[in-house]
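One structure is given below, encoded as structure tokens.
Here is how names work: the chains are called A, B, and so on, in the same order as the sequence lines, proteins then strands, and each is numbered from 1.
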Amino acid sequence: MIDPKRLRQSAPEVARNLARRGFEFDADAYLALEERRKTLQVRTEKLRGERNTSAKSIGRAKARGEDIQPLLAAVEDLGANLEAAEGSLAEVQAALQDIELGLPNLLLDDVPDGGDETGNLEIRRWGECRSFDFAPRDHVELGALLGMLDFDAASRLSGSRFAVLRGGLARLQRALIQFMLDIHTAEHGYEETYVPYLVHSESLVGTSQLPKFEADLFRIASEPPFYLIPTAEVPLTNLVREQILDAEDLPIRLAAHTPCFRSEAGSYGQDTRGMIRQHQFEKVELVQLVTAEQSAHALEALTGHAETVLKRLELPYRVVSLCAGDIGFGAAKTYDLEVWLPGQERYREISSCSVYTDFQARRMKARVRNAETGKPEFIHTLNGSGVAAGRALIAIVENYQQPDGSIQVPTVLEPYMGGTTVLAPA
RNA sequence: GGAGAGAUGGCUGAGUGGUCGAAAGCGCUCCCCUGCUAAGGGAGUAUACGUUAAUAGCGUAUCGAGGGUUCGAAUCCCUCUCUCUCCGCCA
């Protein structure tokens with residue numbers, strides 16, 4: 001949520017910023033509604049004040065044993081007036097909140113211009129893309145050859161956009177997850193965290209998946225409904241919802257491995273081959289909860305933490321800064337890590353690292369007490385994949401393939417593979 | 001799933017219709033006193049919103065959440081959530 005004060009005081013400037021995303025903010029309509037809110041609120045609070053004053057004097061009169069009938073008659077229609085005023089105020093407030101929850105975050109100044117992913121700005125590349133002296137296969141072919149990646153079985157169980165991993169490949173995914181968590185906890189200062197995979201709607205409003213993107217989520221038909229988490233960002237970030245933290249508690253760094261569930265509504269026809277885009281996938285997520293002063297640096301650091309994983313795995317990748325038109329709803333700035341996939345001969349997203357400034361904190365009411373002023377201030381939140389395990393698995397399979405279709409296990413994962421150094425067809 | 005108890009400020013804990021945003025204690029902050037230490041005295045100590053130049057005043061809201069009764073609700077009624085205890089079941 002954008003600071004309502006800022007919306008009020010500099011609506012045109014906000015509209016210009018959001019226009020960079022291609023989002024149209026009708027500042028005049030908002031300000032008109034806001035003006036109406038102010039009038040109604042002043043009126044309502046004045047009426048409430050009158051009611052409180054007279055209720056007190058009635059109480060006092062009664063205590064003195066006086067006749068309170070005349071006093072009761074004097075406040076006769078106060079109640080009805082107040083009720084009407086409260087009703088109109090609630091309506092306007094709800095309308096304002098709808099608008100506010102639907103506004104994307106303000107972009108940081110250094111977010112590049114652009115309307116879609118072609119506007120994204122490459123920041124750096126790392127690693128050599130391996131040159132093959134044979135025709136490289138993609139992960140679907142390799143998985144089938146190994147007998148360890150079974151989409152037919154998955155579709156019999158659950159339909160499309162699911163995968164069944166077997167044997168060495170299933171273990172390789174587990175190894176990857178362990179490896180990533182070990183790096184982040186032992187070297188990058190994150191606390192390993194286990195969290196619920198089902199959350200209620202308030203949490204999703206907090207991290208800004210709701211109310212706007214309900215179609216992307218799986219909802220459990222309970223009362224009230226649960227949602228399957230689309231990313232561990234949701235439970236990890238919401239850990240501090242409605243909290244006022246001490247300044248010395250920050251920064252908080254949290255890491256978790258969870259499955260992620262996405263309905264992928266509207267992605268028909270995209271990435272239908274293979275396990276690039278699934279309803280269910282495994283991910284190690286990094287979340288940082290920081291002060292406003294720490295947040296710019298924290299984004300660079302967090303991105304670096306995700307990069308470390310790819311470097312250790314010796315997977316070539318590049319870092320791109322998402323442009324205004326491609327950046328997510330709640331993010332103020334995002335770096336995507338894209339890993340090289342020989343099977344597709346292109347870089348594909350494997351991690352997305354974002355700073356949300358106070359956008360999520362405001363929705364969650366997550367604050368920190370300023371050490372000097374003693375006043376609560378909204379924290380800044382960041383998150384990034386560190387990294388997506390399913391896509392990392394694909395990247396390893398495709399980058400480490402041998403002419404005979406076997407897969408060499410990356411050196412750093414060997415300790416997690418129980419002595420297996422090569423995945424070979426049975 | 002069944003039965004019962006509970007939810008009040010940073011913490012403990014009073015408060016069953018009327019100057020209650022809330023006693024008291026603890027903690028914390030500032031000041032005073034005290035030749036060290038210990039003790040003592042005084043003042044202050046929630047959050048959000050509105051108004052405002054203002055982190056000054058003033059107003060409004062908040063005693064788990066939502067609704068109701070009433071001139072007036074922490075207090076009465078209804079619904080829900082959560083916590084605890086016991087029973088059952090279970091990985």
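Distance check on atom C1': B:rU60 versus B:rU52 gives 16 Å, rounded to whole Å. Comparing the same atom, C1', in B:rA14 and in B:rU75 gives a spacing of 13 Å after rounding to whole Å. Distance noted for atom C1' between B:rG25 and B:rG6: 22 Å (whole Å). Annotation: B:rU8 and B:rU83 have their C1' atoms spaced 15 Å apart (nearest Å). Spacing between B:rA74 and B:rG9 at atom P, rounded to whole Å, works out to 14 Å. Comparing the same atom, P, in B:rA73 and in B:rU62 gives a spacing of 9 Å after rounding to whole Å. If you take atom C1' in B:rG13 and the same atom in B:rC63, they sit 13 Å apart, rounded to whole Å. Taking atom P in both B:rU19 and B:rA38, one finds a spacing of 42 Å when rounded to whole Å.
A straight line from CD1 of A:Ile244 to P of B:rG9 spans 13 Å, rounded to a whole angstrom. Taking atom CG of A:Asn370 as the reference point, atom P of B:rU47 lies 12 Å away to the nearest angstrom. For the pair A:Gln243 CD and B:rA46 C1', the computed distance is 15 Å after rounding to whole Å. A:His200 places its NE2 atom 19 Å from the P atom of B:rC80, with the value rounded to the nearest Å. Computed from coordinates, the A:Phe378 CZ to B:rU47 C1' distance equals 11 Å when rounded to whole Å. A:Arg369 has its CZ atom 14 Å from the P atom of B:rU45, to the nearest Å. Put simply, CD on A:Glu242 is 15 Å from P on B:rC82, counting in whole angstrom units. In this entry the distance linking CG of A:Asp246 with P of B:rC11 reads 13 Å, nearest Å.
Two rings, from A:His380 and A:Phe359, have their centers 6.0 Å or more apart.
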Original post:
Reading nucleotides 51-71 of chain B 5' to 3', which nucleotides get B (base under 4.0 Å from a protein heavy atom), which S (sugar-phosphate only), which -?
Top reply: S-------BSS---------B
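For the side-chain contact (heavy atoms from CB on, under 4.5 Å) criterion with A:Val92, the lone passing option out of A:Arg36, A:Glu35, A:Gln41 is A:Arg36. Paired with A:Ile350 under the rule side-chain contact (heavy atoms from CB on, under 4.5 Å), one option of A:Val309, A:Leu341, A:Val339 passes, and it is A:Val339.
Annotation: ring-ring contact (aromatic ring centres under 6.0 Å, His included) contacts of A:His305 (sequence neighbours excluded): A:His188, A:Tyr190. A:Glu349 pairs by the salt bridge (Lys or Arg N to Asp or Glu O under 4.0 Å) definition with nothing, not counting sequence neighbours. Contacts of A:Phe25 classified as ring-ring contact (aromatic ring centres under 6.0 Å, His included), with partners at least two apart in sequence or in another chain: A:Tyr30.
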**OP:** Both distances under 3.5 Å, Watson-Crick or G-U wobble: on that basis, could you give the dot-bracket string for RNA chain B, with [ ] for crossing pairs and | for other-strand partners?
**Re:** ((((((((.[[[..)..(.....]]]((((((.......))))))((((((.....)))))).[[[[[..)....]]]]])))))))....
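A salt bridge is absent between A:Arg253 and A:Glu191; no separation between the charged side-chain nitrogens and carboxylate oxygens falls under 4.0 Å. With respect to the salt-bridge test (charged N to carboxylate O, under 4.0 angstrom), the residues A:Arg241 and A:Glu202 do not qualify.
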Could you go through residues 157-170 of chain A and list every donor-acceptor pair under 3.5 Å that involves a side-chain atom there, pairing it with any protein atom two or more places apart or in another chain?
unit_1: A:Arg161; atom_1: NH1; unit_2: A:Gln270; atom_2: O; d: 3.4
unit_1: A:Arg161; atom_1: NH1; unit_2: A:Asp271; atom_2: O; d: 3.4
unit_1: A:Arg161; atom_1: NH1; unit_2: A:Arg277; atom_2: O; d: 3.2
unit_1: A:Arg161; atom_1: NH2; unit_2: A:Ser267; atom_2: O; d: 2.9
unit_1: A:Arg161; atom_1: NH2; unit_2: A:Ser267; atom_2: OG; d: 3.4
unit_1: A:Arg161; atom_1: NH2; unit_2: A:Gln270; atom_2: O; d: 3.0
unit_1: A:Arg166; atom_1: NH2; unit_2: A:Asp150; atom_2: OD2; d: 2.9

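Within 4.0 Å of A:Arg367, counting heavy atoms only, lie sugar-phosphate atoms of the nucleic acid but no base atom.
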**OP:** Take A:Leu172 and A:Tyr416, measure what side chain to side chain contact (heavy atoms under 4.5 Å, CB included) needs, and give me the verdict at the end.
**Re:** CA-CA 8 Å; A:Leu172 189 59; A:Tyr416 297 90; over 6 Å; no
